[in-house]
Protein chains: 2
Amino acid sequence: MAVTIKDIARLANVSHTTVSRALNNSPLINDKTKNRIKQMADELNYTPNVNAKGLVTLRSYNIGLFFSTLSTGTSANFFYDVVRGVNMVIKDQYNLVVKSIDEFESNYNRISARQYDGIIVMSQTRADRVLIEHAISVGIPVVLLNRAAGDLNVGNILSDDLKGAYQLVDYILNCGHRQVGIIEGREGFQSTIQRKNGYIEALKDHGIEPNPELCIQGRYDVGSGYEAMRQLLKGKIRPSAVFCSNDDMAVGAIKAVIEADLQVPQDISIAGFDDNVFAAYLSPELTTVKRPIELISREGAAMIMRMIDHKLKSGKEHAKIPIEHITIESELVIRKSIAIFTPITATRKVGE
Amino acid sequence: MAVTIKDIARLANVSHTTVSRALNNSPLINDKTKNRIKQMADELNYTPNVNAKGLVTLRSYNIGLFFSTLSTGTSANFFYDVVRGVNMVIKDQYNLVVKSIDEFESNYNRISARQYDGIIVMSQTRADRVLIEHAISVGIPVVLLNRAAGDLNVGNILSDDLKGAYQLVDYILNCGHRQVGIIEGREGFQSTIQRKNGYIEALKDHGIEPNPELCIQGRYDVGSGYEAMRQLLKGKIRPSAVFCSNDDMAVGAIKAVIEADLQVPQDISIAGFDDNVFAAYLSPELTTVKRPIELISREGAAMIMRMIDHKLKSGKEHAKIPIEHITIESELVIRKSIAIFTPITATRKVGE
DNA sequence: ACAGTTTATGCACACGTGAACAATTATTAT
DNA sequence: ATAATAATTGTTCACGTGTGCATAAACTGT
């Protein structure tokens with residue numbers, strides 16, 4: 001049997017109330033007894049019973065980190081950065097509970113405010129909405145990462161994928177490319193749509209009509225990038241550059257190009273998205289868009305902690321939580337996987 | 001306020017005990033009332049309070065997944081496979097709580113049997129021993145993955161890294177290479193030592209004395225592979241093949257080779273370890289050793305659940321948990337990053 | 001010295017659940 | 001029909017912690 005505050009109380013000849021107060025640093029307790037009790041607790045290796053504590057304080061000390069899916073569509077580097085970022089911030093104040101939303105089979109009843117003090121949703125798809133609404137309805141603070149919250153009353157941190165993709169494709173076009181293809185992400189994901197839209201807008205702004213034959217669906221994994229590129233190579237029109245919706249697919253695409261006895265970027269240029277750890281070490285080094293995933297995750301963790309604190313302070317009832325929305329800029333990373341046909345400076349107007 | 005069994009009891013005109021029993025499928029309760037109560041619970045969206053439940057059943061429904069570190073030395077693909085594997089098995093029966101051991105700062109008091117029903121340690125280093133001993137001492141079932149348990153009384157699942165490395169280096173030597181270098185993993189990690197030993201044994205069995213100049217320390221990340229390879233290329237003796245202790249470092253090493261205007265595998269052959277998702281898509285496709293990380297993790301999760309169940313059945317006291325040890329074979333994956341100078345079959349004796 | 005005030009501690013209850021034991025009702029055997 | 005037995009339900013307590021209220025002790029000002 002583990003030691004409880006009652007055990008300490010008995011040994012210290014005080015009531016368990018005093019022990020409880022002492023260990024929680026209550027100002028009601030004399031400093032002398034407080035220190036004495038703290039020391040005893042230390043010596044006895046006292047560990048508070050989280051269950052008993054949570055039962056009365058209505059807290060669980062769990063923070064949920066929910067991904068839309070943990071199978072296809074979530075790249076390993078992405079996942080790793082997210083968990084690391086969140087973990088870095090919450091430290092040992094909370095337990096980090098990792099879940100995959102697609103496992104719930106739309107039975108969200110088990111998700112209660114008593115089980116999670118807060119939930120961070122790394123959201124890829126609108127289908128997550130049901131879960132988020134459930135969490136809100138039972139009074140759990142929610143932070144949504146990676147896609148726009150829309151009318152949902154949750155904290156929100158996102159990177160501007162559309163803008164990132166736009167800048168990248170704009171750069172590709174400024175390099176003189178005209179037939180630019182795209183390997184899209186997993187169907188239904190918001191990021192897939194955003195990046196495609198950035199691609200389309202950039203093309204249009206350069207007076208080019210997007211060609212459906214140059215748009216191939218992928219799934220964000222290496223294999224799908226490879227398959228998609230092979231498909232592109234079989235097509236009537238050969239693109240001179242291909243924008244892969246993430247770096248993983250870019251690896252697969254490069255492989256397909258090389259297998260076809262062509263060279264990157266001389267014959268076909270390739271760009272990615274994310275700037276994962278491998279991007280700089282591929283051959284050729286990958287031109288891509290840096291999406292600060294770890295930063296987003298850290299910010300998300302900090303935000304959920306603010307929201308939890310606020311909820312605690314403002315009376316234990318369903319309080320209005322001040323909602324914050326933060327957008328984190330992505331950044332074009334120019335390396336060597338895009339061939340330059342036109343001196344770029346020439347196509348840019350000064351000041352733009 | 002959320003609904004409790006007492007609320008249901010009031011509405012159903014029974015005692016809360018009856019409700020508790022009905023929902024836990026006790027045989028003591030009449031099927032008719034049982035169904036009636038279950039239906040009511042359903043309609044009222046009843047969610048059991050885990051804290052209250054845990055307080056009396058002595059369970060937390062948390063399974064800890066502890067990594068030695070979440071910063072340098074844990075590759076993203078590895079991490080992803082582990083979490084996915086474990087998550088796949090425990091489903092929604094347990095919460096998966098991810099922690100990094102190096103964050104505890106050797107204060108393990110917060111880890112109690114009430115907080116974790118079981119702990120899976122994905123262990124890289126012997127330093128984890130202190131944590132594991134603490135967990136055992138407070139009665140938490142522990143499964144150790146990835147390195148040998150030694151005298152520790154824990155479940156154990158590991159891949160035979162030494163053998164895997166041996167087979168790989170043996171293959172390299174059989175291909176006719178004589179100057180074989182190694183880029184080692186992060187210092188102090190068990191896997192680093194195992195793989196190096198496999199390398200050394202293979203060399204010796206071929207009558208070659210390991211050359212310290214061809215052994216460079218890495219850290220398991222891409223960048224360190226790149227740096228290590230550059231260092232090797234600067235050395236007096238140029239290796240004809242280099243065994244990188246994981247695939248991530250192999251990516252970095254290949255980069256360094258190409259940057260030096262050399263070709264893989266014609267000028268320098270490269271091999272990796274792990275067989276991560278990228279291995280087959282590099283150019284050249286990477287020869288490596290498949291380590292079934294996801295399988296190990298699934299087995300580990302299944303094992304910890306068996307141990308927890310056993311502990312529950314055999315009276316709630318510190319019961320002797322039957323300890324299992326499982327070794328999972330790794331597998332040589334021959335692709336194209338090792339140049340073949342000698343017909344391999346010629347160097348093999350039949351039946352060996 | 002005495003009332004008033006501050007400081008320090010204890011008592012009793014609540015949180016939601018499960019289980020031992022008691023009590024009631026239904027069923028069976030004689 | 002009645003005792004014995006089985007089936008069902010209820011009563012009460014415990015788990016470990018925190019908090020409102022009561023109480024005791026120490027201090028203050030006059």
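Remember, predicted model here, so these are calculated numbers, not experimental data. Letters A, B, ... mirror the listed sequences (proteins, then strands); counts begin at 1.
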| said: Any carboxylate oxygen within less than 4.0 angstrom of a Lys/Arg side-chain nitrogen, looking at B/Arg306 and B/Asp309? | reply: no
| OP1, OP2 of C/dG18 versus side-chain N and O of B/Asn24: anything below 4.0 Å? | yes
| message | Can you say whether a donor on the side chain of B/Thr17 sits under 3.5 Å from an acceptor on the base of D/dT11, or the other way round? | response | yes
| request: Return the value, rounded to whole Å, for the distance between atom CZ of B/Arg36 and atom P of D/dT8. | output: 14 Å
| message | Here's a test of your reading of the structure: between A/Pro48 and B/Asn13, which maps to the more 5' nucleotide of DNA chain D? | response | B/Asn13
| query | How many Å lie between CG on B/Asn51 and C1' on D/dA14, as a whole number? | reply | 17 Å
| message | From CG of A/Leu28 over to C1' of C/dA8, roughly how many Å is that when rounded to an integer? | response | 8 Å
| So, does the side chain of B/His16 form a donor-acceptor pair with the base of C/dG18 at under 3.5 Å? | yes
| query | Is the phosphate of D/dG10, meaning OP1 or OP2, less than 4.0 Å from a side-chain N or O of B/Ser15? | reply | yes
| task | Using a 4.0 Å heavy-atom cut-off across all strands, classify B/Thr18 as base, sugar-phosphate, or nothing. | result | sugar-phosphate
| request: Check the distance between D/dG18's C1' and A/Leu23's CG and give it to me in whole angstrom. | output: 12 Å
| message | Please confirm whether the ring centroid of B/Tyr116 lies under 6.0 Å from the ring centroid of B/Tyr61. | response | no
| Between D/dG18 and A/Lys53, is there an OP1 or OP2 to side-chain N/O distance shorter than 4.0 Å? | yes
| Which whole-number value in Å describes the distance from B/Tyr46 OH to C/dG16 P? | 10 Å
| query | Going by an N to O cut-off under 4.0 Å, is there a salt bridge joining A/Asp151 and A/Arg129? | reply | yes
| task | Report the distance from atom CD1 of A/Ile29 to atom P of C/dT6, rounded to the nearest whole Å. | result | 19 Å
| query | Checking only heavy atoms, does the side chain of A/Arg21 share a donor-acceptor pair with the base of C/dG10 at less than 3.5 Å? | reply | yes
| said: Both A/Ala52 and A/Asn30 contact DNA chain C. Taking the nearest nucleotide for each, which residue is further toward the 5' end? | reply: A/Asn30
| said: Check the orientation of B/Phe78 and B/Phe67. Use parallel for under 30°, tilted for 30 to 60°, and perpendicular for over 60°. | reply: perpendicular
